[in-house]
Amino acid sequence: MESKKKPQVGVVGIPFSLGQVTDYGDLNLEAVADDKPWNKVKNPRSVGLANKKVAEMVAKITKNRQIALTLGGDHSVAIGSIYGHAQSCPNLVVVWVDAHADLNTPLSSPSGNIHGMPLSFVIKEMKKYTTALPGFEWVQPCLSAKDLVFIGLRDVDEAERAFINELGIQCYSMQEVDKYGIQNVMERALRTIDPNGVRPIHLSFDVDALDPAYAPATGTPVHGGLTRREAYYIAEEIAGTGRLSCLDTVEVNPLLSTDEGRQVTINSTVDVVSHFFGKRREGNVSDGYRVP
Ligand SMILES: N/C(=N\O)NCCC[NH3+]
Ligand SMILES: [Mn+2]
Ligand SMILES: [Mn+2]
Ligand SMILES: [Mn+2]
C-alpha cells in the first residue's frame with residue numbers, strides 16, 4: 001500500500017533482484033466524510049478504514065504464503081498490517097525497528113497522531129490502558145507483549161517508557177545497540193522472542209530508525225540512529241531466518257527534504273529493503289547460475 005501522496009518512484013519501484021514479486025497495487029484509500037477528531041486524535045475514521053483495507057490485503061497475501069511488503073505512508077499502517085498478518089499467522093512475532101516506540105494510546109498521546117500509537121491497538125496487555133476509537137471497532141488485540149522487540153529507540157515518551165516497563169517489553173534502544181553491538185542485539189532479540197526459531201516474523205521498519213544522515217526525508221528524524229551497515233545487518237539476519245512473513249516500510253516522506261535528501265532517503269530505503277529480501281553484501285548467486 002503506498003501513501004495517498006504520489007510516492008517517489010524509488011520506493012515504489014524497489015528493484016527486486018531476487019524472488020518473484022506480485023504487485024497487489026495501491027489500496028483505494030478514501031477519506032471518510034465528516035471525520036471529526038476524537039479528543040486530539042485526527043481523522044480516526046479515515047485512518048481506521050484505511051487500516052481495515054490494509055488488514056484484508058495483508059491477510060490475503062500472507063494466506064498465499066507470500067511475504068507482504070507494505071509501503072507506507074506513516075506507521076499507523078502497522079495496525080492493519082499486524083492485525084491482517086495475525087489472521088493468517090497467529091503465532092507471529094514482531095520486530096519493531098524505529099527511533100520511536102509508537103506505543104501511545106489515544107489517551108496518552110501528546111500529539112493525537114495515530115502513527116505514534118499503532119502498537120497500543122494490537123498488544124493484548126495494552127487493552128486495559130487504552131480506549132475505543134471511532135473507526136477501529138474492527139481491531140482485536142492480537143499480539144502478546146512478550147512477542148515484540150524494539151530495536152533503535154531513542155525518542156520515547158514518558159507514557160511509552162512506563163508501558164514498556166509495565167509490560168516488560170524487550171527493548172534495544174540505541175544505548176543497547178552501542179553497548180552490545182548490532183550482532184549481539186540481533187542474537188538476543190531473536191533468541192528471546194523466538195527461541196526455537198520457528199515463528200513467522202513481522203518486521204516493521206520505520207526509516208527514521210536510520211540516522212538522519214541516511215534518511216532525512218522523514219517526519220520525525222532523530223539524531224544518533226542506525227548506520228546503513230547496522231540496518232543491513234538487521235535485514236540480513238532477518239532474511240537469513242527464512243521466516244520473514246511481512247515487512248512494513250514506512251515514514252518515507254519525499255516532501256520533507258531537499259532533492260538530495262530525498263534521493264539519499266530513497267537509496268537507503270531501497271537498499272535496506274533489498275537486504276530484507278535476500279541481497280547480501282557478500283554477493284548473491286541466483287538459482288541455476290553456472291560459473292562462466
Ligand atoms: N515516526 C514516528 N513514529 O515512529 N512518529 C511519531 C512518534 C511520536 N512519539
Ligand atoms: Mn514509527
Ligand atoms: Mn519513528
Ligand atoms: Mn509521520
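Counting starts at 1 for both ligands and their atoms, following the listed order. Just so you know, these numbers use all the heavy atoms, side chains as well, and skip hydrogens, waters and symmetry mates.
Looking only at N/O/S atoms, D98 comes nearest to the Mn ion (ligand 2) through OD2. Here the N, O or S atom of D102 that is nearest to the Mn ion (ligand 2) is OD2. For H75, the N/O/S atom at the shortest distance from the Mn ion (ligand 2) is named ND1. Distances from the Mn ion (ligand 2) to the N/O/S atoms of D206 are shortest for OD2.
The ring of F121 has its center closer than 6.0 angstrom to the ring center of F136. The aromatic ring centres of W138 and Y83 sit less than 6.0 Å apart.
Distances from the Mn ion (ligand 3) show that D208 has an N/O/S atom below 2.8 Å. Distances from the Mn ion (ligand 3) show that H100 has an N/O/S atom below 2.8 Å.
For the pair R281 and Y232, the cation does not sit on the ring face, since its NZ or CZ is not both under 6.0 Å from the ring centre and inside 45° of the axis.
The option from L153, D206, N113 that lies nearest to atom 4 (O) of ligand 1, judged by heavy atoms, is D206. The closest non-hydrogen atom to atom 6 (C) of ligand 1, taken over H75, H115, E251, comes from H115.
Under the 3.5 Å distance criterion, the side-chain polar atoms of R280 are left unmatched by any main-chain donor or acceptor of H275. Formation of a donor-acceptor pair under 3.5 Å by the R154 side chain with backbone atoms of V222 is found in this model.
Checked by distance only, ligand 1 and D155 stay at 3.5 Å or farther apart across all their nitrogen or oxygen atoms. For the pair T220 and ligand 1, the shortest N or O to N or O distance falls below 3.5 Å.
Near D157, meaning under 4.0 Å from one of its heavy atoms, ligand 1 places the atoms 9 (N). In the vicinity of D98, heavy-atom distances shorter than 4.0 Å reach the ligand 1 atoms 4 (O).
Exactly one of N51, D248, T70, T62 qualifies for a side chain to side chain donor-acceptor pair (under 3.5 Å) with S81. That residue is D248.
Note on R45 versus D35: salt bridge recorded, some NZ/NE/NH1/NH2 to OD/OE distance being below 4.0 Å.
Nearest heavy atom pair, residue D211 against residue G224, reads OD2-N, 3.0 Å.
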